[in-house]
Amino acid sequence: MEEVEEDTEEDVDFIRTIINEDMKTGKYGGRVHTRFPPEPNGWLHIGHAYSINRNYHFAVEYGGKFNLRFDDTNPITEEEEFIESITADVRWLGVDFEDRLLFASNYFDQLYDYAIQLIKKGLAYVDDSSVEEIREMRGTITEPGQESPYRNRSIEENLDLFERMKNGEFKDGEKVLRAKIDMAHPNMLMRDPIVYRILHAHHPNTGDKWCIYPMYDWAHGLEDSIEGITHSICTLEFEVHRLLYDWYLDQLDDEDGNPIFHPQQIEFAKMNLTYMVGSKRRLRMLVEEGYVKGWDDPLMLTIAGMRRRGITPEAIRNFSLAINFTKRDKLIDMSIFEHYIRDDLDKRCPRVMSVINPIKLVITNFPNDKIEEFTVPNHPSDKEMGTRKVNFTKNLYIEKEDFMENPPEDYYRLSPGKEIRLKYAYFVKCENVVKDRETGDIIEIHCTYDPESKGGESPDGRKVQGTIHWLSADSALEAEVRLYDRMYTKENPMETEEGKEFTDYLNPNAITILNSYVEPFLKDKEQGSRFQFERNGYFVIDIVDSTKENLVFNRIITLRDTWAKKSN
RNA sequence: AGCCCCAUAGUCUAGUUGGAAGGAUACGGGACUCUGGAUCCUGAGGCAGGCGUUCAAAUCGCCUUGGGGCUGCCA
């Protein structure tokens with residue numbers, strides 16, 4: 001782990017208030033143990049990263065531990081491939097779960113034994129009712145439910161039936177094990193919740209050993225208890241489940257007849273970001289219906305997508321730690337995340353020159369075959385990043401946007417008759433332009449240079465207003481550059497108008513692919529290397545499509561651009 | 001509709017035992033600058049509303065309003 005920026009240290013969110021209190025009272029023996037419990041049925045995204053980072057950070061902060069535990073209790077929706085991708089994503093985030101890559105399925109035997117204990121206490125029964133019957137008898141949020149006709153079976157019969165459920169004597173849906181609580185409870189979850197259902201399905205971990213699988217509410221608290229989790233942090237929609245979570249834990253005893261370990265469930269509000277859709281279902285839809293190129297499409301805020309886009313785990317972590325856990329709904333402005341992305345990239349990225357939209361610039365008074373070499377710094381404020389050499393020649397490329405024939409007054413760049421600096425090189429003055437005879441488009445800009453201004457300063461002390469970047473047309477390396485913009489055109493794509501879907505707000509101009517030029521030494525850089533293209537933004541060598549022959553760069557993010565803002 | 005949860009600048013977030021509402025980001029202005037970047041200075045902007053308790057309320061109580069969750073053999 002790199003050094004953690006403790007800029008949030010003084011912010012005590014409501015969860016730390018609880019932990020601090022528990023530390024003071026010694027509730028858990030001064031221990032903090034958190035976990036992240038993904039279901040292996042989809043990819044992780046920024047919202048999960050937020051939860052993972054914060055949960056992990058609680059453990060780090062209090063000298064505790066953090067578990068990665070797959071909540072693999074439903075074999076019909078879960079897949080092996082997600083176990084691998086999620087594990088890789090969590091590791092990439094820089095979160096250390098040590099040897100604790102755990103699975104709910106590891107505890108299936110124990111969970112079964114606990115169920116038997118529940119039955120023996122007269123607190124659970126086998127119900128033969130159908131799905132429909134159970135639904136009908138549950139009542140509604142305003143009306144109480146009715147008790148199942150099977151509710152008062154004897155303990156012996158329940159024990160026998162439950163064992164036979166386990167042994168595969170019944171078909172899917174034929175029977176369930178239910179907790180006996182209160183069919184009139186105002187909290188629907190307490191109306192005899194289902195504990196086990198029959199599912200003749202192959203499980204990635206346990207194979208065909210089981211044909212009954214535990215329900216979330218039964219499994220989750222027990223998983224936490226078995227692992228000694230102290231603070232079981234989950235999202236707000238589980239708030240109503242806490243009553244059941246506590247109820248199950250309170251009914252059960254260990255071998256010595258003592259109550260089993262009882263973690264505390266705490267709920268926080270999910271993170272939502274503007275211009276993002278986070279739900280698993282919708283993410284899956286984007287992938288499966290071809291709206292994006294895959295789960296790792298750099299446009300998406302999946303962890304895989306962000307990794308490919310070039311966003312660093314440190315940026316994600318700093319952002320996550322800046323947004324405290326709270327209970328109120330949030331829709332965070334993307335600019336806050338963008339700030340943390342730039343903040344991290346600025347420090348770590350070597351600078352490099354690129355020309356994304358090239359136009360030719362000819363220095364008319366520069367010798368034809370001369371190649372001048374400049375030694376330039378790799379970072380403006382970090383000397384340790386060293387220097388590199390850049391070739392300067394008569395024929396150059398500059399950005400089209402850095403020249404205007406009829407500029408407004410506050411345009412700092414090149415225009416006819418104006419002198420500016422070519423960064424690190426010389427002052428140049430625009431003498432005239434060459435236009436295409438038919439279209440009238442400018443195809444070449446002709447300048448003269450001042451040999452005295454070598455290195456970018458004039459001995460007579462004269463100043464120029466603008467500095468632009470450039471590349472030697474003789475040695476510039478061609479590269480594909482993929483410019484990414486926001487994925488949606490609407491701040492909150494989930495807030496749809498009549499008859500529209502979130503996919504209607506997909507930004508058609510989210511990706512622009514261009515053939516550009518970069519400094520030639522980039523040819524030898526590895527996939528995943530990040531750079532700041534001066535004045536153009538931060539870029540990463542694509543980890544999938546880039547090769548030595550065909551370099552591909554993804555734009556991670558633009559630089560802040562107050563000029564563009566003003567001129568709009 | 002019944003039950004539960006939530007409410008501090010545009011956004012995110014401190015404010016724990018009542019005692020001048022603080023930070024981040026975004027936005028405006030300025031300084032500096034060989035990136036219209038970075039950095040620095042600076043400005044504007046908020047306790048949803050009402051009633052009550054109190055010498056004193058963002059903080060405690062009640063009501064209203066607004067937002068969210070709950071009627072899977074999903075998690």
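Each chain gets a letter, A, B and so on, in the order its sequence line appears, and its residues count up from 1. FYI, side chains are in, hydrogens and waters are out, and symmetry mates aren't considered; it's all heavy atoms of this structure.
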Revision key, fill the gap. Result for side chain to side chain donor-acceptor pair (under 3.5 Å) between D192(A) and one of R178(A), R138(A), R151(A) points to R151(A)
Exercise for review: Determine if the base of G72(B) is syn or anti; take syn to mean the glycosidic torsion is within 90° of 0.
Suggested key: syn
Practice item. Using a 4.0 Å heavy-atom cut-off across all strands, classify R138(A) as base, sugar-phosphate, or nothing. Key: sugar-phosphate
Practice item. Output the residues of residues 269-284 of chain A in contact with RNA chain B, where contact means a heavy atom of the residue under 4.0 Å from an atom of the strand; sort by number or write none. Key: none
Check your understanding: Going by heavy atoms in the side chains, are I198(A) and K175(A) under 4.5 Å from each other?
Key -> yes
Check your understanding: How is K423(A) classified with respect to the nucleic acid when contacts are heavy atoms under 4.0 Å: base, sugar-phosphate, or nothing?
Key -> base
Practice item. Remember a base hit wins even if backbone is also touched, and classify I76(A) as base, sugar-phosphate or nothing at under 4.0 Å, heavy atoms. Key: nothing
Practice item. Compare the ring of Y216(A) with the six-membered ring in the base of A75(B) and state whether they stack (centres under 5.5 Å, planes under 30°). Key: no
Check your understanding: Which stems does RNA chain B form, counting runs of 3 or more consecutive Watson-Crick or G-U wobble pairs with both distances under 3.5 Å?
Key -> B:2-7 with B:65-70, B:10-13 with B:22-25, B:27-31 with B:39-43, B:48-52 with B:60-64
**Study point:** Contact state string [nucleotides 1-8 of chain B, B base, S sugar-phosphate only, - no protein heavy atom under 4.0 Å]
**Key:** BB--SSSB
Check your understanding: Side-chain donor or acceptor of H379(A) under 3.5 Å from a matching atom on the base of A38(B)?
Key -> no
Review point. At under 4.0 Å between heavy atoms, what does P380(A) touch on the DNA or RNA strands: base, sugar-phosphate, or nothing?
Key: base
Exercise for review: Give one of base, sugar-phosphate or nothing for S335(A), where a contact means two heavy atoms less than 4.0 Å apart.
Suggested key: sugar-phosphate
Revision key, fill the gap. Sorted by chain and residue number, the side-chain contact (heavy atoms from CB on, under 4.5 Å) partners of H202(A) (sequence neighbours excluded) come out as D208(A)
Practice item. Name all residues meeting the salt bridge (charged side-chain N to carboxylate O under 4.0 Å, His left out) criterion together with D460(A); count only those two or more places apart in sequence or in a different chain, and write none if there are none. Key: R462(A)
Check your understanding: Would you say the side chain of E338(A) and the base of U25(B) hold a donor-acceptor pair, judged only by whether the two atoms sit under 3.5 Å apart?
Key -> no
Review point. By side-chain contact (heavy atoms from CB on, under 4.5 Å), which residues pair with Q465(A), not counting sequence neighbours?
Key: Y412(A), K418(A)
